[in-house]
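Scope of the values below: all heavy atoms of this structure, side chains included, with no hydrogens, waters or symmetry mates. Naming: A, B, ... by sequence-line order, numbering from 1 per chain. These figures come from a predicted structure and were not determined experimentally.
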Amino acid sequence: VSGKTILYVEDNELNRKIVRDLLRHTSYRLIEALDGEAGVTTALEHRPDLILMDVQLPKMSGFEATRRLRAEPVTAGTPIIAITSFALSGDEQRATEAGASAYLAKPYSPFALLALIRQLLPEA
Amino acid sequence: VQVPDVVAEGAYDVARVRAIFERRGYRALLAVPLLLEQRILGVLVVWRQEPGSFGDEIVNRLQAFAGHSVLAIRNAQLYRELEEKGRQLETASRHKSEFLANMSHELRTPLNAILGFNEMILGQIYGDVPASMKEPLTDIQNSGKHLLRLINNVLDLSKIEAGRMELSPVEYAVPDLVERVRASLYPLAAEKGLEFVTSVPDALPLAYGDAGRITQCLMNLAGNALKFTRQGRVGLSVELQDGFVTYRVADTGIGIAKDKIDSLFTEFRQGDATITTEFGGTGLGLSITKKFVEMHGGRVSVESELGKGSTFSISIPLRLAGDRTP
């Protein structure tokens, strides 16, 4: 099965498990990174088809990681869904300014996330 | 204390002080203590180069002057203490707001996991869910969402208090916003057997403001109306007048006593303590609603009659000041 690859950058294990379980029954292949720096290097190395980026991450924020990936030719056009954590007014705007394609506020519904992924990256 | 002649033998024994007197040629001395409740704050001293006693008039005047000085010093001290207390209170209040903001963020992280896994169980991604388990799992989901709303309210309030709340204005269509509120609350109305009707005039121009926050305000008002209404109807209507959009939420609920209306918008206050027992809630929704409306340059108002029902209205400018779009 050569499904499309999704990179999830998130430091919280349970949140990663949610997405792991959610995508298990789809054709998407999931890779993970635990902080902003690892997110950037993993994305450049594996060139995923879509990136889920938490905005509050250790080492480098999701906003900064998104900006760096946008500056690299190989990831400049990759869809990035920013997961905003504070539901802070302004987070959405910061995510968009950093170059995210879409955003979802935490706590999100897993099925809403799956719908958003399918919209930006159709499975078939 | 009077010393008619400081040079007289035994009159003043402190050599250092005597030396000063002699150098300046002072002979007589009058000292009035500044007394506050048996405590000496200081001393008023008058010197004279001629020896002899000071007259009664001078003594009286100096005593009166000493009395005024004590009051002035005391007032200055109290004022300084008050300032210091004010600063301490400000710091404490800021710490409280920061604590609440951090705490509510920390509370949301595990809640995210609870809601996420539960939703996936209900969505049967872990396998078939027996019909008998669907109801309790739905109860978990609804209670979790309720808890989330409470935490969000506390977070919002702490951000408003800490001055860290900013509006995110966007262009929005009023009918879309009303429809979102209707769709979210319709199930609750249906469950209680209440009518929930919305009415929006045709051809409203596009609005500009923080659509998310305005939706939140309407959810608070309409949610309250549904909560405090046992039978009848809840209506949400919209009117545009003089550049202001007025959202009116009317119910046929328990109503509010006249003397309770003023404190409704104070945080943690509900109409009546017995209400908290019967209907629950934190009393945060209305105070947050009022703050968001005021941040938009609008105002809230309420009319109510005990036992008949209440009407809450919010009026906000169709276009928020500082509108950058043409």
Side-chain angles (χ1 to χ4, degrees), chain A residues 8 10-28 30 32 34 52-58 61-63 81-98 100 102-118 123, chain B residues 100-128 141 144-156 158-160 162-170 209-216 288 291-292 295-296 320 324:
Chain A
Y8 186 21
E10 161 68 279
D11 59 326
N12 182 289
E13 159 61 18
L14 281 175
N15 286 338
R16 290 200 309 275
K17 185 167 189 289
I18 287 176
V19 172
R20 221 178 286 147
D21 291 353
L22 181 70
L23 298 183
R24 185 163 294 146
H25 303 286
T26 67
S27 67
Y28 296 116
L30 182 68
E32 299 171 9
L34 275 60
L52 302 176
M53 181 75 77
D54 195 82
V55 298
Q56 212 196 19
L57 291 168
S61 81
F63 299 120
I81 299 175
I83 311 230
T84 55
S85 62
F86 276 98
L88 189 73
S89 301
D91 248 19
E92 292 88 353
Q93 204 183 333
R94 286 178 70 197
T96 312
E97 280 166 7
Y103 55 80
L104 196 63
K106 236 194 234 177
Y108 54 82
S109 146
F111 294 112
L113 175 64
L114 186 56
L116 189 55
I117 292 172
R118 284 185 166 138
E123 244 183 298
Chain B
L100 284 176
N102 292 338
M103 194 62 198
S104 42
H105 173 63
E106 293 303 322
L107 290 172
R108 284 148 57 106
T109 305
L111 193 55
N112 187 47
I114 294 172
L115 284 170
F117 284 114
N118 195 65
E119 190 182 328
M120 292 195 294
I121 294 170
L122 260 174
Q124 317 213 61
I125 77 152
Y126 297 106
D128 291 344
Q141 201 68 12
K145 282 185 181 159
H146 184 202
L147 180 56
L148 180 64
R149 279 196 298 276
L150 296 179
I151 294 171
N152 285 346
N153 277 345
V154 174
L155 180 66
D156 282 347
S158 57
K159 273 196 226 145
I160 291 170
R164 293 205 318 235
M165 178 62 75
E166 280 170 31
L167 296 177
S168 296
V170 290
D210 193 330
R213 295 311 188 181
I214 297 166
T215 308
Q216 195 181 341
I288 289 169
K291 282 173 175 151
F292 281 145
M295 284 176 81
H296 276 89
L320 180 67
R324 277 157 292 165

If you measure from [atom1] on [X] to [atom2] on [Y], what distance do you get to the nearest 0.5 Å?
{"X": "B/Thr109", "Y": "A/Gln56", "atom1": "OG1", "atom2": "CD", "answer": "8.0 Å"}
{"X": "B/Met120", "Y": "A/Asp21", "atom1": "CE", "atom2": "CG", "answer": "5.0 Å"}
{"X": "B/Tyr126", "Y": "A/His25", "atom1": "OH", "atom2": "NE2", "answer": "8.0 Å"}
{"X": "A/Tyr108", "Y": "B/Leu115", "atom1": "OH", "atom2": "CG", "answer": "11.5 Å"}
{"X": "B/Asn112", "Y": "A/Ile18", "atom1": "CG", "atom2": "CD1", "answer": "5.5 Å"}

Holding to side-chain hydrogen bond (donor to acceptor under 3.5 Å, both in side chains), I want the full list of residues that pass it with A/Thr96, two or more places apart in sequence or in another chain.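 side-chain hydrogen bond (donor to acceptor under 3.5 Å, both in side chains) check on A/Thr96 returns nothing, list empty.
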Heavy atom to heavy atom, less than 4.5 Å: which residues from residues 110-118 of chain A reach chain B?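 Answer by number: A/Pro110, A/Phe111.
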If you compare all heavy atoms of B/Arg108 against all heavy atoms of A/Lys106, which two are closest, and at what distance to 0.1 Å?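 B/Arg108 and A/Lys106 have their closest heavy atoms at NH2-O, 3.2 Å.
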Would you mind checking which part of B/Leu148 comes under 4.5 Å of any heavy atom in chain A, side chain (CB onward), backbone (N, CA, C, O), both or neither?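 Looking at B/Leu148, just its side chain touches chain A.
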